Amino acid sequence: MTAVARYTLLEMSRRRLLVALVTVAVALIVVLGIAPLIVPGFRTGIQRSYFLLSTFNGVVGFFLLISGFAIGMTVIYNDLDSGAAVGIFVKPISRLQYTVGKSAATLIVLALLTAVLTLLTVALLLINGGTGYDYGAVVTNLLAGTANILVLVVLLMALASVMNNVVAAIIGFVVYEVFGAVSTLHALVSNHTLTASPWAQIINVLYWLVPHSLISSLPHEVVRIGLASGLVPTTTREGRAINPYASVPAPSGIGDILFWATYCLVLGALLYLAVRRRQV
Amino acid sequence: MAFAVETTSLRKRYRRSDPLAVDGVSLQIQEGKVFGLLGPNGAGKTSIVKMIAGLVRPDGGAIEVLGSAPGDRRARSGIGFAPEDPDFPKFLRATEVLDYFGRLLGLSADERSRRIPETLAWCGLAGERRQLRHFSKGMKQRLGLGQAILGRPRLLILDEPTADLDPMGRRDVRELITGLKDSGTTVLLNSHLLSEVERVSDTVAILGQGRVLAEGAIDEIVPEGRTLEDVFMELVEKAEGGPRDRGVPSFMAEGEAK
């Protein structure tokens with residue numbers, strides 16, 4: 001099992017696509033991080049922080065999604081497709097050990113990516129003079145993003161064990177988007193923005209069939225900083241008062257985290273069954 | 001008499017609409033002997049060796065490998081398998097592949113550091129630093145043979161081991177088989193090359209359309225004054241219901257070649 005994880009990590013470190021993705025992401029984040037110091041218009045540290053927090057979230061999320069696809073589509077599929085799995089499966093290692101080894105390597109790579117992005121983000125926020133806000137929210141936001149991508153990665157690994165990996169990616173993408181849409185609709189129901197019957201009830205039921213996207217307290221923090229910097233309005237043009245927190249989703253609780261963990265275990269079990277059934 | 005491999009009425013069909021790839025094959029491979037599996041393309045040879053190696057599930061029948069079910073951890077500890085068209089994680093180097101597989105085999109660090117350089121030297125890949133994605137088919141086949149013997153198996157399964165090898169490589173494989181036979185290793189050799197099988201095998205089975213057409217010691221199967229090729233062609237053509245002489249396509253005889 002450790003041999004599988006060890007050599008999967010070595011392989012991944014030599015894959016140019018992944019290395020290029022990390023390089024581009026780091027470069028983009030650094031450029032975005034130093035832009036507020038160079039571009040005129042950001043007068044205070046809190047304005048720069050607001051810009052950084054609101055843009056980093058999208059960049060990091062996009063990068064993690066692409067990396068998730070690059071890893072999930074290939075980490076097991078390449079062995080099965082090339083025939084390398086023949087030499088591995090004939091050795092005295094169980095399919096469970098193989099699956100756990102591959103999953104552990106994937107988890108380590110995602111954890112390393114998260115660590116690099118977290119350190120980079122925090123460093124750039126400090127350079128921009130960002131004080132007075134919750135750094136814990138930045139860290140948990142990256143952890144939540146990685147946890148959400150992990151669901152996609154395990155799903156892609158399972159699908160790519162039984163079908164072509166491009167088809168698996170298309171199916172995985174559609175399923176992942178459906179999961180996201182259900183979570184968004186549920187947030188609207190929770191906020192009482194969507195109350196129409198029977199849709200609200202249907203969405204409430206669907207919500208417990210899909211993995212819950214884990215949400216950090218960062219969206220709340222971004223609005224708070226936006227209000228402090230004067231970049232987020234508190235009234236409409238007509239002068240009516242608005243609540244800027246109204247559309248901000250609440251951070252995930254322990255129940256959501258446990259549900260996410262259970263979902264990961266279920267997908268992991270499906271992945272194992274797919275690998276176990278596979279004839280090479 | 002102890003058998004390293006025993007199959008009984010083995011059956012395999014890949015798709016419902018396909019004919020049986022393996023149709024009631026019963027074989028017994030004696031321990032310490034070289035068993036040659038012969039047959040034309042599509043006769044079911046690779047399916048049989050993959051079922052014995054525990055890589056493909058049979059639809060029916062029974063298999064016992066080294067006293068266990070195929071795919072069982074104990075059986076796999078004693079098997080070395082060189083597949084027909086071997087491939088490996090393409091971003092690794094030959095040394096890393098052998099170290100990876102050595103770890104999967106449970107070899108200690110000392111054993112790996114002793115066996116890997118020797119195996120690479122035997123494969124003709126000592127000093128090769130390129131990643132596997134830059135290897136030729138012949139180099140991969142040599143590495144495939146190397147990883148198969150790395151664990152010093154009790155049963156070595158060679159599926160078309162010389163298909164992509166040059167004459168020197170073929171000689172090395174022949175010498176390997178002879179050497180292993182002397183050390184008591186059982187070898188299951190699946191090959192198209194009749195002369196090669198004839199030179200090293202104690203027993204052969206000739207397959208056709210998923211069935212065993214003949215099985216026995218070479219001198220039992222090949223009568224005096226005839227060759228293994230004569231017997232093979234006769235049995236296969238009979239199983240296929242007619243002679244195989246298809247001639248060349250007619251367009252090849254029209255005018256001058258362009």
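Keep in mind it's a predicted model, so treat the numbers as computed, not measured. Protein chains get the first letters and strands the later ones, always in sequence-line order, with residue 1 at the start of each.
- Residues of residues 112-143 of chain B that come within less than 4.5 angstrom of chain A, heavy atom to heavy atom, are B:Gln131, B:Arg133 in numerical order.
- Between A:Tyr98 and A:Phe89, the angle of the ring planes goes over 60°, which puts this pair in the perpendicular group of the 30/60° scheme.
- The main-chain N or O of B:Pro40 is found under 3.5 Å from a side-chain atom of B:Lys45 such that the two form a donor-acceptor pair.
- For B:Pro83, the part sitting under 4.5 Å from any heavy atom of chain A is the side chain, from C-beta outward, and nothing else.
- Defined by atom type and a distance below 3.5 Å, a donor-acceptor pair is present between the side-chain atoms of B:Thr162 and B:Glu196.
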Passes side chain to side chain contact (heavy atoms under 4.5 Å, CB included), B:Leu104 versus B:Phe101? Steps please. CA-CA 5 Å; B:Leu104 294 181; B:Phe101 287 3; 4.1 Å; yes
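- Interatomic distance, B:Lys181 NZ to B:Leu176 CG, rounded to the nearest 0.5 Å: 12.5 Å.
- Comparing A:Arg277, A:Met1, A:Gln97, A:Met12 by heavy-atom pairs within less than 4.5 Å of chain B, the highest count is held by A:Arg277.
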A:Val26 vs A:Val22, test: side chain to side chain contact (heavy atoms under 4.5 Å, CB included). Steps then yes/no. CA-CA 6 Å; A:Val26 168; A:Val22 175; 4.2 Å; yes
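- With hydrogens and angles ignored, the 3.5 Å screen pairs no side-chain donor or acceptor of A:Ser252 with any backbone N or O of A:Ile257.
- Contact count versus chain A (heavy atoms, under 4.5 Å) is highest, among B:Asp99, B:Ile79, B:Ile157, for B:Asp99.
- Most heavy-atom pairs under 4.5 Å with chain A: of the set B:Phe88, B:Phe81, B:Tyr100, this distinction falls to B:Tyr100.
- No side-chain donor-acceptor contact under 3.5 Å links B:Asp87 and A:Ser82.
- When the candidates A:Leu10, A:Val90, A:Asn78 are compared by the number of heavy-atom contacts under 4.5 Å with chain B, A:Val90 comes out ahead.
- Here B:Glu96 is the residue among B:Glu96, B:Lys50, B:Arg74 with the most heavy-atom pairs under 4.5 Å with chain A.
- Between B:Asp18 and B:Arg13 there is no salt bridge, since none of the side-chain N atoms of the basic residue sits less than 4.0 Å from a carboxylate O of the acidic one.
- Most heavy-atom pairs under 4.5 Å with chain B: of the set A:Gly87, A:Ser94, A:Ala85, A:Ser13, this distinction falls to A:Gly87.
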